[in-house]
Amino acid sequence: MQNTNTHTEDTEEHKFLLFVSGMSVKSGRAIENLRKICDEHLAGKFNLEIIDIARHKEEAVHHQIIAIPTLIKLQPGVQKIILGDLSDTQKVLRILELNQ
Amino acid sequence: MRRNVQETSNTHTPNNFIFPKTPTGVEGLDEITEGGFPKGRPTLICGGPGCGKTLLSMQFLIKGITDFDEPGVFMSFEEPTADLSLNVKSLGFDLEQLKADKKLVVDYVRVERSEIEEAGEYDLDGLFIRLGYAIDTINAKRVVLDTLEALFSGLDNQGILRAELRRLFHWLKEKGVTAIITGERGESTLTRQGLEEYVSDCVILLDHRVIEQVSTRRLRIVKYRGSTHGTNEYPFLIDEDGISVLPITSLKLDNEVSSDIVSPGIPGLNDMFNGGGFYRGSSILVSGTAGTAKTTVACYFAHEQCLKKERTVYFAFEESPQQLVRNMRSISIDLEPHIKDGYLQIHSSRPSLNGLELHLLTLRKIIKEFKPTTVIIDPISNLINVGSEQEVRSMLVRLIDMLKVNNITALFTSLNKQTENFRPDLAEESVSSLVDTWITVRDMEGLGERNRGIYIVKSRGMGHSNQVREFIITAKGIELLDIELGPNGILTGAARQSNELQRKMDEMKLERELSRKDREIARKRKVLEANIEALRNEFESAEEELSLLRATEELQEQLAGENNKSIKKD
């Protein structure tokens with residue numbers, strides 16, 4: 001399942017993979033929290049792919065997913081993996097190095 | 001797939017109820033667990049590093065596929081798939097082939113703490129989905145999670161983790177798969193992370209310890225809910241065929257017995273037994289001090305059995321096969337043809353090479369493959385060097401049981417210390433209660449020489465001679481000598497010879513004396529007869545003289561009468 005939101009004007013744009021599982025509460029919250037963060041701090045300069053592993057099970061294997069939700073930041077910089085519903089906004093920002 | 005496992009309430013188990021079990025396919029383990037692991041439930045295997053957890057669980061999966069047609073999923077948290085394939089390849093398991101055949105799924109779950117951050121709540125749905133996906137693709141019946149504890153080091157939120165693990169085990173049960181969860185042994189708990197809290201149906205502990213430089217692996221069933229099981233520590237072995245566990249079999253002593261007689265092969269020794277030999281399937285101990293020809297006795301037995309086309313295995317802990325063959329040739333026992341004909345196998349190894357259990361397992365394997373009817377262990381006392389006396393004893397009990405169950409005649413030799421007593425030392429006594437027939441060969445020292453004597457200490461169920469028979473070993477082989485009775489008992493060696501000589505001399509003397517007496521009698525008779533002859537001659541001459549006189553007198557009288565007549569006429 002792909003839910004992309006693309007604005008390709010910068011090579012340094014943020015690229016995210018968010019793994020969720022069906023309609024679970026935590027998954028919903030994670031999507032919500034991530035969108036909020038992206039909107040506030042990245043203002044359209046991001047690429048988010050949401051993958052429902054309940055439907056695409058092989059993706060879970062491929063990306064070494066164990067926890068749901070899992071956010072993988074592919075770029076910029078080193079790959080980062082964040083587990084959880086991203087409710088700890090400050091921590092997420094720190095990990096993604098988005099706090100000014 | 002969504003088959004609910006039959007939930008059994010343990011308190012109301014009817015007598016005829018058989019707890020559903022999944023055979024492990026691991027040699028010996030099914031015997032201990034009385035059928036395998038609990039079907040459709042998780043089993044925890046815990047133990048220290050390098051004790052064989054991964055291998056045991058892998059074997060469980062592979063045997064499930066090859067022997068029971070139950071596909072399996074291996075979820076590895078420690079080793080990448082390729083490493084795993086390589087590791088078990090050396091044990092003859094080809095994971096790649098099984099994977100290609102859609103019988104096996106190996107999923108390596110990589111949890112790298114340094115790459116992972118946590119922000120907020122999560123669950124382990126990813127793991128569930130992956131596992132479920134793997135199970136469903138091949139319709140797996142067996143699952144291995146090796147080892148879940150890696151999650152504890154990879155994830156921060158222990159609260160979530162524990163809750164999720166509980167859910168995982170519940171989910172596995174619901175899935176109806178027979179699962180193995182491995183766990184690293186903790187300091188005071190069975191597993192470092194207390195996994196035993198979650199998996200409470202069956203817990204197996206593996207252990208690897210080194211006693212006096214010899215390592216032994218052991219397995220123990222800590223718990224098996226709803227089923228009886230062996231409670232001891234069972235030694236197990238990892239060799240080129242994977243894991244095999246050594247069950248302590250036939251504790252009941254109800255094996256069948258045979259009344260067949262097998263001959264020891266030594267002329268004369270047969271006759272010391274009323275039945276003419278040993279019972280088939282019995283165990284025989286040949287004990288003695290160094291150099292009392294125990295090995296020779298054993299080889300004679302092997303030779304005899306091979307001649308009768310009985311398959312024989314000879315474990316030599318002191319000599320190499322070649323050495324043994326050469327040495328025996330010097331006393332006219334040629335074992336080589338038997339080896340060539342396939343009736344004799346000689347296995348030589350140093351006893352300290354392996355732990356006791358390995359020896360036992362090797363034996364077990366050979367019995368399975370070669371199906372011998374005779375087993376010789378020369379000497380069994382060397383094994384005592386390997387373990388403590390108690391261990392040795394327990395091993396011997398198992399060994400003898402194993403042999404008895406298979407109706408194998410076993411001959412052990414045992415080297416014991418030189419003691420002044422006629423009775424052997426204690427170590428030997430501990431073995432001797434296990435054997436049926438006990439023959440002792442011993443030195444008989446005296447008069448500046450050493451002789452060998454053989455006697456039967458005991459022979460269950462058969463009358464036997466009580467004599468100590470001297471025997472000699474010549475280029476022609478063993479020869480039991482006849483009893484030589486001296487004034488102070490049985491004589492051996494030089495005493496025997498001097499006694500024999502003495503006896504011969506005495507005999508000769510007596511004979512000479514007799515003939516001398518005979519001659520004297522003859523002589524006396526001759527003398528007397530001569531005397532008689534002389535007397536008779538004398539008598540005859542006297543008689544003759546007398547009759548002559550008488551005739552003369554008669555003549556004179558006649559003449560005188562005639563003269564008188566003529567005078568009257570004149």
Side-chain angles (χ1 to χ4, degrees), chain A residues 1 16-34 36-37 50-74 77-99, chain B residues 1 73-81 99 105-138 140 145-165 167-168 171:
Chain A
M1 178 183 183
F16 296 114
L17 293 176
L18 181 62
F19 292 86
V20 295
S21 158
M23 289 297 113
S24 80
V25 182
K26 288 188 204 96
S27 301
R29 273 212 301 269
I31 295 169
E32 205 175 296
N33 288 332
L34 183 60
K36 209 185 287 169
I37 291 166
I50 296 173
I51 300 165
D52 181 1
I53 59 164
R55 290 217 216 155
H56 302 274
K57 292 175 177 166
E58 65 289 343
E59 289 297 318
V61 180
H62 183 245
H63 290 280
Q64 283 291 353
I65 302 305
I66 49 163
I68 288 297
T70 296
L71 175 70
I72 301 180
K73 183 204 74 172
L74 295 171
V78 287
Q79 178 175 315
K80 291 268 167 149
I81 300 168
I82 306 173
L83 310 185
D85 58 10
L86 311 173
S87 53
D88 188 345
T89 317
Q90 286 312 309
K91 195 173 181 185
V92 177
L93 289 177
R94 201 181 64 237
I95 297 163
L96 296 178
E97 294 161 8
L98 290 173
N99 40 349
Chain B
M1 263 322 293
V73 172
F74 193 95
M75 196 166 237
S76 167
F77 293 84
E78 283 187 331
E79 287 177 277
T81 316
K99 279 198 262 184
V105 171
V106 180
D107 188 3
Y108 169 51
V109 179
R110 190 163 154 274
V111 189
E112 191 58 62
R113 184 165 206 151
S114 59
E115 296 173 2
I116 294 174
E117 302 273 3
E118 294 174 24
E121 288 205 353
Y122 58 89
D123 53 41
L124 294 184
D125 258 358
L127 194 67
F128 281 74
I129 284 170
R130 278 168 79 166
L131 195 51
Y133 174 58
I135 292 172
D136 294 341
T137 24
I138 55 167
L145 302 172
D146 178 52
T147 110
L148 269 184
E149 287 178 325
L151 288 178
F152 284 89
S153 56
L155 302 176
D156 274 334
N157 197 329
Q158 306 282 298
I160 289 181
L161 194 50
R162 289 190 181 274
E164 286 296 286
L165 284 187
R167 188 161 71 97
L168 176 68
W171 178 82

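In this text, all values refer to a predicted model and were calculated from it rather than measured experimentally. Proteins get letters first, then strands, A, B, ... in listed order; numbering begins at 1 in each.
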With chain B, the option among A:Asp88, A:Asn33, A:Ile66, A:Val61 that has the most non-hydrogen atom pairs under 4.5 Å is A:Ile66

**Asked** Any donor and acceptor pair, going by atom type alone, linking the side chain of A:Gln64 with main-chain N or O of B:Tyr108 inside 3.5 Å?
**Response** yes

With sequence neighbours left out, the residues meeting side-chain hydrogen bond (donor to acceptor under 3.5 Å, both in side chains) with B:Asp107 are B:Arg130

Honestly, the part of A:Glu58 sitting under 4.5 Å from a heavy atom of chain B is both

Applying a strict 4.5 Å limit to non-hydrogen atoms, the region of B:Leu155 in contact with chain A is side chain

Under 4.5 Å to a heavy atom of chain B? For A:Ile95 that would be side chain

CG of A:Leu86 to CD of B:Glu118, rounded to nearest 0.5 Å, is 12.0 Å

Okay, B:Leu131 and chain A: the region with an atom under 4.5 Å from a heavy atom over there is neither

Interatomic distance, CG@A:Leu96 vs CD@B:Glu117, rounded to 0.5 Å, equals 9.5 Å

Tightest non-hydrogen contact, residues B:Gly120 and A:Ser87, listed as CA-OG, 3.5 Å

Take A:Thr70 and B:Tyr122, measure what side chain to side chain contact (heavy atoms under 4.5 Å, CB included) needs, and give me the verdict at the end. CA-CA 8 Å; A:Thr70 296; B:Tyr122 58 89; over 6 Å; no

Item to check | A:Asp85 (side chain) donor-acceptor with B:Glu121 (main chain) under 3.5 angstrom | outcome: yes

Rounding to 0.5 Å, atoms CG (B:Asp123) and OG (A:Ser27) come to a distance of 7.0 Å

Rounded to the nearest 0.5 angstrom, the CD1-CG distance for A:Ile65 and B:Leu127 is 11.5 Å

For B:Gly126 and A:Ile68, the nearest pair of non-hydrogen atoms, with its separation, is N-CG1, 3.4 Å

- Task: Could you tell me whether a side-chain N or O of A:Lys57 sits under 3.5 Å from a main-chain N or O of B:Ile129, the two making a donor and an acceptor?
- Result: no

Distance col, row A:His63:NE2 vs B:Arg110:CZ, nearest 0.5 angstrom, shows 13.5 Å

